[in-house]
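In what follows, every chain begins at residue 1, and chains take the letters A, B, ... in the order their sequences are listed. What's counted below: heavy atoms across the whole structure, side chains too, no hydrogens, waters or symmetry copies.
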Amino acid sequence: MDSFFEQVYEVVRQIPEGRVASYGQVARLVGAPRKARFVGFAMHASPGMGGGIPCHRVVFKDGSLATGFAFGGPNIQKEMLLDEGISFRDETHVDMEACRWEA
DNA sequence: CTTATGACTATGA
DNA sequence: TTCATAGCCATAA
């Protein structure tokens, strides 16, 4: 199954704990900087942590979460990120400047 | 071929 | 800073 999704999963899987990456960032790593939307769609269809896909570490470029489409609420993802050591500048934005994943 | 839709991003108010 | 709009690419109808 070498589909676009698998490439995204492979990259997302490499995101270490306490780090976050934007959709566009992952998209660029897979060689598709314009397909950021599909990266998000891949996350939606991803098996989640059970499949080794920490989709909660993938956030918007601003550091905001996928409000309305997260695991049951952006609050959940926020808790997960906090649990991994991610810093939040406010209720809806992650401290990207400090937790930005560096490939 | 033309529209519509989408876990996005950039730009402008 | 937050909200709104436009542009982007891939898939479906």
Side-chain angles (χ1 to χ4, degrees):
Chain A
M1 305 229 317
D2 14 336
S3 47
F4 171 74
F5 285 41
E6 281 227 352
Q7 298 184 73
V8 175
Y9 296 156
E10 195 170 344
V11 172
V12 175
R13 203 177 325 175
Q14 293 165 62
I15 303 176
E17 233 173 82
R19 292 282 151 172
V20 292
S22 63
Y23 296 95
Q25 173 115 31
V26 176
R28 181 169 3 200
L29 290 173
V30 303
R34 312 297 185 203
K35 288 177 55 173
R37 290 180 137 121
F38 290 86
V39 174
F41 194 70
M43 295 297 93
H44 186 175
S46 77
M49 289 298 279
I53 313 300
C55 31
H56 56 274
R57 288 183 196 152
V58 184
V59 298
F60 276 62
K61 203 190 178 283
D62 297 0
S64 41
L65 309 173
T67 36
F69 267 94
F71 308 80
N75 187 2
I76 304 300
Q77 184 170 7
K78 179 173 146 208
E79 291 291 307
M80 294 170 81
L81 294 170
L82 286 169
D83 185 57
E84 301 218 344
I86 308 294
S87 312
F88 271 71
R89 298 176 56 127
D90 57 72
E91 284 293 307
T92 55
H93 290 81
V94 182
D95 191 344
M96 265 273 192
E97 300 298 304
C99 301
R100 205 155 104 99
W101 174 47
E102 301 177 32

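- By the side chain to side chain contact (heavy atoms under 4.5 Å, CB included) test, A:Phe38 pairs with A:Phe4, A:Lys35, sequence neighbours left out.
- Pairs engaging residues 55-86 of chain A under the ring pair (Phe, Tyr, Trp, His ring centres under 6.0 Å) rule: A:Tyr23-A:Phe60, A:His44-A:Phe69 [sequence neighbours left out].
- Contact annotation: the side chain of A:Tyr9 never approaches that of A:Val30 to less than 4.5 Å [non-hydrogen atoms, C-beta and beyond].
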Query raised in the report: Can you give the dot-bracket line for DNA chain B, using ( ) for pairs inside the strand, [ ] for pairs that cross earlier ones, | for pairs with another strand and . for unpaired bases, where Watson-Crick and G-U count if both distances are under 3.5 Å?
Result: .|||||.||||||
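- At a non-hydrogen distance threshold of 4.0 Å, A:Ser22, A:Tyr23, A:Gly24 from residues 12-34 of chain A come into contact with DNA chain B.
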Report task. Start with the C-alpha gap between A:Gln25 and A:Lys61, add the side-chain angles, then the distance that decides, and say whether side chain to side chain contact (heavy atoms under 4.5 Å, CB included) holds. Result -> CA-CA 8 Å; A:Gln25 173 115 31; A:Lys61 203 190 178 283; over 6 Å; no
Please produce a list of atom pairs where a protein N or O lies less than 3.5 Å from an N or O of nucleotides 4-7 of chain C.
residue: C:dG7; atom: O6; partner: A:Arg37; partner atom: NH2; Å: 3.0
residue: C:dG7; atom: N1; partner: A:Arg37; partner atom: NH1; Å: 3.4

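- With hydrogens and angles disregarded, a donor-acceptor distance shorter than 3.5 Å links the side chain of A:Gln14 to the backbone of A:Glu10.
- Here A:Glu91 pairs with A:Lys78 under the salt bridge (Lys or Arg N to Asp or Glu O under 4.0 Å) rule; sequence neighbours left out.
- The CZ atom of A:Arg57 sits 11.5 Å away from the CD atom of A:Gln77 when rounded to the nearest 0.5 Å.
- The minimum heavy-atom distance linking A:Cys55 with A:Gly48 is given by the pair SG-CA, 4.1 Å.
- A:Ile15 and A:Ala21 get closest at one heavy-atom pair: CD1-CB, 3.9 Å.
- A heavy atom lying under 4.0 Å from DNA chain C marks the following residues of residues 77-103 of chain A, by number: A:His93.
- Reading DNA chain B from its 5' end, the first and the last nucleotide to sit under 4.0 Å from a heavy atom of chain A are B:dG6 to B:dA10.
- A:Ser87 approaches A:Cys99 most closely through the heavy-atom pair N-SG, 3.5 Å.
- When all heavy atoms are compared, the tightest approach of A:Arg100 to A:Arg19 is O-NH1, 3.4 Å.
- Nucleotides C:dC9 and B:dT11 place their P atoms 16 Å apart, quoted to the nearest Å.
- The shortest heavy-atom contact between A:Ala45 and A:Phe5 is CB-CE2, 3.9 Å.
- Contact annotation: the side chain of A:Trp101 never approaches that of A:Val58 to less than 4.5 Å [non-hydrogen atoms, C-beta and beyond].
- Residues that satisfy the side chain to side chain donor-acceptor pair (under 3.5 Å) test with A:His93, not counting sequence neighbours, are A:Asp90.
- Of all the residues in residues 58-67 of chain A, A:Phe60, A:Lys61, A:Ala66 reach under 4.0 Å from DNA chain B with at least one non-hydrogen atom.
- Under the 4.5 angstrom side-chain criterion for Ile, Leu, Val, Met, Phe, Trp and Tyr, the cluster partners of A:Val94 are A:Val20, A:Val59, A:Leu65, A:Leu81, A:Leu82, A:Ile86, A:Phe88, A:Met96.
- No path of Ile, Leu, Val, Met, Phe, Trp and Tyr side chains, each step under 4.5 Å between heavy atoms, connects A:Met80 with A:Val12, placing them in separate hydrophobic clusters.
- Distance check on atom P: B:dG12 versus C:dC8 gives 15 Å, rounded to whole Å.
- Pairs engaging residues 21-30 of chain A under the salt bridge (charged side-chain N to carboxylate O under 4.0 Å, His left out) rule: none recorded [sequence neighbours left out].
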